[in-house]
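Structure first, then comments.
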2 protein chains.
Amino acid sequence: MPTIKEVSEHAGVSQATVSRVMNGTAKVVEETRVKVLNAMKELGYRPNAHAQSLASNRSNSIGLLISEFDGPFYGALMAGAEEIFRKHKKRILISAGHGDEKLEKEAVEFLLGCRCDALVLHAETLSDEYLIEQANQGTHVILINRNIAEMEGQCLYIDNEQGSFMATEYLIEKGHKNIAYIAGPQWKHDARERFWGYQKALGKHNISLQLGLVEEGNFRESGGYQAASKLLDSGHKFTAVVCGNDQTAYGAISAIEERGLKVPDDISIVGFDDLPYSSLIKPKLTTVHFPIRQIAAEAARRILQDVYKEKNTHTFNSCVQASMVERNSVKSIT
Amino acid sequence: MPTIKEVSEHAGVSQATVSRVMNGTAKVVEETRVKVLNAMKELGYRPNAHAQSLASNRSNSIGLLISEFDGPFYGALMAGAEEIFRKHKKRILISAGHGDEKLEKEAVEFLLGCRCDALVLHAETLSDEYLIEQANQGTHVILINRNIAEMEGQCLYIDNEQGSFMATEYLIEKGHKNIAYIAGPQWKHDARERFWGYQKALGKHNISLQLGLVEEGNFRESGGYQAASKLLDSGHKFTAVVCGNDQTAYGAISAIEERGLKVPDDISIVGFDDLPYSSLIKPKLTTVHFPIRQIAAEAARRILQDVYKEKNTHTFNSCVQASMVERNSVKSIT
DNA sequence: TTGTAAGCGTTATCAC
DNA sequence: GTGATAACGCTTACAA
């Protein structure tokens, strides 16, 4: 692989000049510019990104921490950020933490080792302290889906509690009183926040929480399926289920239908996230919209603005309100 | 951010020694080793990956070219490769081509600029020549879903034609004679291969291709929906539809049901890909299984073996046979 | 406008 | 075992 030196010799100029035409950092006479360009073509020259980063102290890349590479949620997160960055010639480096503390830390260390110009983190297991430390250490960090007081202005999240509150209240307004809840793993703060929103909504309407109507899932179909099965087989009566997220809802629906019951005729369901498939399944899922793609795009815009000093616009609040998407999985029983 | 120099001074040793304890490339007395380790901890040292790559001519990273960051297919591709690489301390660099020739080329150039030790490409628009050139230029390349004669041994793909043939024949065996086809974009070779498999199956059973029963979609729901709508509104009679992929099938099902018809009672449907959601929708989709995750994992294993000289095992053939997954979207009409 | 040369933070080859 | 020191391929003052 040819180097800048070979190009410079081939073109009969100095390395500095080659660098200049590559980066447009200084005026170069058209004639020499062409010579250099030709030399680059002929040799099939490709600048070594590592050498560039090392010399310029800029990597032009942004680190992205996610939990998994598959799954619609993270897909939207990656796509939303990439779309914005791509338009500004910035690259993303993606690393997955797999919901494991050790792996998540390794992933961040990797991104830091790559000297990313900024980090967008969807951290599930990393402690507040760790995150604060990184931010204080000079790296520009944006946290997705977390709210740490000490990092105000660097957090982008939705109001999980409010979303869940809204979903629950929505069912109550439709006449439901016995409303079950299938929670996400309670070590996840968003799962806790969502569960809390459910409780608050019940409280507001003077409905007392029935422990028999609450199960913990895993935020995936399997957990939703199992939790709903337990609920159904327990004999407790309920007419609706609030699910910690859409995937949980999918599983719950399967369990319900497997028992010959119908959604929403026998049991109403609401989800949370509004994944792409939620509008494709039957019945179309009534759920809480989580604008993750937009949030990711917003994170990108902020970085473009703050780190790369591009004068963008469009910055919204840190905390985004969730909104209800009414579809066909809830029946009014008033 | 501290450098190796600062660490060495802090520990009272040379840079070389620090490098040695980092990489374990040579024996270091336990006592000095501890000193160095402590110095690293105290300073919060993180090796600069760019400097490492530059000096060692190894990036320990593998470039991955995909079309999109979202979507179940690419999600599985990324996840399959990452899982294997992660276990061997290798990192992946992902770049998306968005099905656009210019962007796809840029994406590859980026990966090459990062001096990836190897490339795993799911290239949609890049020409055979371009790919061959890269491979000849020294970079270790594996092509997913393509079969270029000059690059035998570096291609990993499934037999699209056979898969589609099987799906079509499956319907024929179930008694269907008027079988429509919703193709993928015909500029994509896999879409063409799949279409060809359909034609061959019809031919084998002496059913002539009816042009009125073929529509071109876009490999997404929208295209499936529109194509199926056209088909249904055209007045041509058919009892089954072979879809270019599962997403197309989802769209087709929507269109069919929107007209008050039932799948599979009125019209049978088969897909291709076997996406995760195909077993969740109703009716569960009968489709051709495309083991993309395994293929990606296999690509990773080969690279581990060929580039990093790790002695692995498990390498299968370049061409993987597709297999039928029988579910509930096909009705026997014999 | 162009060239020279000193870094950038590592690894790797020598000596010692 | 450990320490100098020359690469690695580029950017960027500083000169010319």
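Note on naming: letters A, B, ... go to the chains in the order of the sequence lines (proteins, then strands), and numbering restarts at 1 for each one. Keep in mind that what you see is a predicted model, and the values were worked out from it rather than measured.
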Inset, instruction - For residues A:E129 and A:E133, determine if any side-chain heavy atom of one lies less than 4.5 Å from a side-chain heavy atom of the other. - result: no
Inset, instruction - Check the pair A:T125, A:Y130 against side-chain contact (heavy atoms from CB on, under 4.5 Å), reporting the backbone distance first and the verdict last. - result: CA-CA 10 Å; A:T125 65; A:Y130 179 82; over 6 Å; no
Inset, instruction - For DNA chain C, determine which residues of residues 36-52 of chain A have any heavy atom closer than 4.0 angstrom to one of its atoms, and list them numerically. - result: none
Legend entry - Heavy-atom neighbours of A:R220 CZ exceed 12 at 6.0 Å: no
Inset, instruction - Please say whether more than 12 non-hydrogen atoms of neighbouring residues, nucleotides or ligands are located less than 6.0 Å from CG in A:N57. - result: no
Legend entry - Of residues 108-115 of chain A, the positions that come close to DNA chain C - non-hydrogen atoms, cut-off under 4.0 Å: none
Inset, instruction - Please work out if B:S53 contacts a base, only the sugar-phosphate, or nothing of the nucleic acid, heavy-atom cut-off 4.0 Å. - result: nothing
Legend entry - Verdict with reasoning, B:K35 to B:E31, per salt bridge (charged side-chain N to carboxylate O under 4.0 Å, His left out): CA-CA 6 Å; B:K35 272 197 300 189; B:E31 193 190 323; 5.3 Å; no
Inset, instruction - Nearest-nucleotide wise, let me know which of B:A55 and B:G12 is further upstream toward the 5' end of DNA chain D. - result: B:G12
Legend entry - Least distance between heavy atoms, A:I158 atom then A:P291 atom: CG2-CD, 4.0 Å
Inset, instruction - For salt bridge (charged side-chain N to carboxylate O under 4.0 Å, His left out), just list the numbers for B:E109 and B:K105, CA-CA rounded to whole Å, side-chain angles, deciding distance to a tenth of an Å, and then say yes or no. - result: CA-CA 6 Å; B:E109 302 284 332; B:K105 192 168 272 181; over 6 Å; no
Legend entry - Terminal contacting nucleotides, 5' and 3', DNA chain D versus chain B (heavy atom, 4.0 Å): D:dG1 to D:dG9
Inset, instruction - For residues B:L43 and B:P2, report the shortest heavy-atom separation together with the two atoms involved. - result: O-CG, 3.3 Å
Inset, instruction - Enumerate the residues from residues 14-23 of chain A whose closest heavy atom to DNA chain C is under 4.0 Å, giving them by residue number; use none for an empty result. - result: A:S14, A:A16, A:T17, A:R20
Inset, instruction - Report which part of the nucleic acid B:T25 touches: base, sugar-phosphate, or nothing (heavy-atom distance under 4.0 Å, all strands). - result: nothing
Legend entry - Closest heavy-atom pair and its distance - A:F110, A:S95: CD2-OG, 3.9 Å
Inset, instruction - Hey, could you give me each pair passing salt bridge (charged side-chain N to carboxylate O under 4.0 Å, His left out) that has a residue in residues 144-153 of chain B? Not counting sequence neighbours. - result: B:D128-B:R146
Legend entry - Exercise: identify the closest heavy-atom pair between A:F69 and A:M78: O-CE, 3.5 Å
Legend entry - Shortest non-hydrogen contact between B:A26 and B:R20, atoms and distance: CB-CD, 3.8 Å
Legend entry - Contact interval (first through last nucleotide) of DNA chain C with protein chain A, 4.0 Å heavy-atom: C:dT1 to C:dG9
Inset, instruction - Would you please indicate if the ring centroids of A:H10 and A:Y45 are separated by under 6.0 Å? - result: no
Legend entry - Closest-nucleotide 5' rank along DNA chain D - winner of B:V29 and B:S56: B:V29
Legend entry - Test applied, side chain to side chain donor-acceptor pair (under 3.5 Å); reference residue, B:N60; option that passes from B:Q52, B:K90, B:H88: B:K90
Inset, instruction - Give the intermediate values and the outcome of salt bridge (charged side-chain N to carboxylate O under 4.0 Å, His left out) for residues A:K102 and A:E106. - result: CA-CA 6 Å; A:K102 184 159 161 286; A:E106 280 176 15; 3.4 Å; yes
